[in-house]
2 protein chains.
Amino acid sequence: MRPLFHPAIEDVRPEAILHALADPSRAAIFAKIMQAGCVEACSAVAAVGDRVIPKSSLSNHIKVLREAGLIRSERHGVEVRNHSRWIEVEARFPGLLAGIINAYASDVGSDLRAASKTVAR
Amino acid sequence: MRPLFHPAIEDVRPEAILHALADPSRAAIFAKIMQAGCVEACSAVAAVGDRVIPKSSLSNHIKVLREAGLIRSERHGVEVRNHSRWIEVEARFPGLLAGIINAYASDVGSDLRAASKTVAR
DNA sequence: CCGTTAGTTCCGAAGTTCCGAACTATGGGC
DNA sequence: GCCCATAGTTCGGAACTTCGGAACTAACGG
């Protein structure tokens, strides 16, 4: 199976990050991965709120997050483990992720309320 | 002519802001409007770097920024004056715009280097 | 091996974006 | 008042993106 592609941190583009996180499901998935430190399996993340994301869409969301440089995915046997590249991204674009996560968190009805606690301000 | 629609600040959604600014031309337009305080005419903003944006695309970009809640547009005779809603947006989503503008500014080759000076850190 | 679980790929339908051309609105000159 | 120029908007089609079901592949357990 083809190895998973990850951009080097210096190749990460702000527009890719914004595009990736402009989708609330994707932002929620990213927030979950971030909070967990290391979420085992994409499927651990398959539900956003009360809505279940179909496998193929989920696979695609994860790919978008990965190629934007937001997460790192490793195959572990039959599953893929995802963890956030928060520290690297924060070093490259200080305040960007915190601003975004907090914006979603302060937005009523969002699934990201919990994530904002992870983001020191 | 139909009046221009502006969302109330409490109706502004983070995903709309991210989507609007995920496009580098739109981010550059927003940055220009922000720096100028009040840019007269859309056309004052018609070139991004060395690339000229066609009128119809520009009109659309301005509309996206307006409906995301990032700018306010007023018709003044034959032209439209745009100014940024920075202060309102900053109050609602603290750190969001600064994070985004700085991310673009620190990205080599971006047209937003100048804008970051406007953003206190 | 075969079954099961986890994820990826394929592909068609639906939606979005881009931009040229045609249009509309406003103000200035005569 | 009428015409022109200027500034933006709308329309429409081609190109691109997104979504999700079905079929596929990969790895492990028995």
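Chain naming here is simple, since letters A, B, ... match the order of the sequence lines and numbering starts at 1 in each.
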Return the value, rounded to whole Å, for the distance between atom [atom1] of [X] and atom [atom2] of [N].
{"X": "A/Leu65", "N": "C/dG7", "atom1": "CG", "atom2": "C1'", "result": "16 Å"}
{"X": "A/Arg75", "N": "D/dT25", "atom1": "CZ", "atom2": "P", "result": "15 Å"}
{"X": "A/Glu74", "N": "D/dA27", "atom1": "CD", "atom2": "P", "result": "15 Å"}
{"X": "A/Glu79", "N": "D/dG29", "atom1": "CD", "atom2": "C1'", "result": "14 Å"}
{"X": "B/Ile53", "N": "C/dC18", "atom1": "CD1", "atom2": "P", "result": "10 Å"}
{"X": "B/Arg81", "N": "D/dA7", "atom1": "CZ", "atom2": "P", "result": "13 Å"}
{"X": "A/Asn82", "N": "C/dA6", "atom1": "CG", "atom2": "C1'", "result": "12 Å"}
{"X": "B/Glu67", "N": "D/dT9", "atom1": "CD", "atom2": "P", "result": "11 Å"}

* A/Glu90 side chain vs A/Gly95 backbone, donor-acceptor pair below 3.5 Å -> yes
* **Worked check of side-chain contact (heavy atoms from CB on, under 4.5 Å) between B/Ile33 and B/Leu70** => CA-CA 10 Å; B/Ile33 291 174; B/Leu70 287 165; over 6 Å; no
* Could you tell me whether A/Arg66 contacts a base, only the sugar-phosphate backbone, or nothing, with contacts defined as non-hydrogen atoms closer than 4.0 Å? => nothing
* Asked: Using a cut-off of 4.0 Å on non-hydrogen atoms, how would the nucleic acid contact of A/His61 be classed: base, sugar-phosphate, or nothing?
  -> sugar-phosphate
Taking side chain to side chain contact (heavy atoms under 4.5 Å, CB included) as the test, write out the residues that go with [X], two or more places apart.
{"X": "B/Ala105", "value": "B/Ser116"}
{"X": "A/Gln35", "value": "A/Ala31, A/Ala114, A/Ala115, A/Thr118"}
{"X": "B/Ala8", "value": "B/Glu10, B/Asp11"}

What nitrogen or oxygen pairs link the protein and nucleotides 10-13 of chain D at under 3.5 Å?
from   : atom 1 : to     : atom 2 : distance (Å)
D/dT10 : OP1    : B/Arg2 : NH1    : 3.4
D/dT10 : OP1    : B/Arg2 : NH2    : 3.3

* To do: Among residues two or more places apart or on two chains, list those pairs meeting salt bridge (Lys or Arg N to Asp or Glu O under 4.0 Å) that have a residue in residues 97-110 of chain A.
  => A/Asp107-B/Arg13, A/Asp107-B/Arg92
* **Contacts of A/Ser57 that satisfy side chain to side chain donor-acceptor pair (under 3.5 Å) - sequence neighbours left out** => none
* Asked: Looking at residues at least two apart in the chain, or sitting in another chain, which of them share a side chain to side chain donor-acceptor pair (under 3.5 Å) with B/His6?
  -> none
* Side chain of B/Leu4 - closest among C/dT26, C/dT8, D/dT9 -> D/dT9
What donor-acceptor contacts under 3.5 angstrom involve side-chain atoms of residues 60-67 of chain A, with partners at least two apart or in another chain?
from    : atom 1 : to      : atom 2 : distance (Å)
A/His61 : ND1    : A/Arg26 : NH1    : 3.3
A/Arg66 : NH1    : A/Ser73 : OG     : 3.3

* Flag yes if A/Ile100 and A/Ile87 sit in one hydrophobic cluster, no otherwise; membership is Ile, Leu, Val, Met, Phe, Trp, Tyr, and two members link when side-chain heavy atoms are under 4.5 Å apart. => yes
* **Nucleic acid contacts - residues 11-26 of chain A versus DNA chain D, non-hydrogen atoms under 4.0 Å** => A/His19, A/Asp23
* To do: Check salt bridge (charged side-chain N to carboxylate O under 4.0 Å, His left out) between A/Glu88 and all other residues, then give those that pass, not counting sequence neighbours.
  => A/Arg72, A/Arg85
Could you write out each protein N or O paired with an N or O of nucleotides 28-30 of chain C at a distance under 3.5 Å?
none

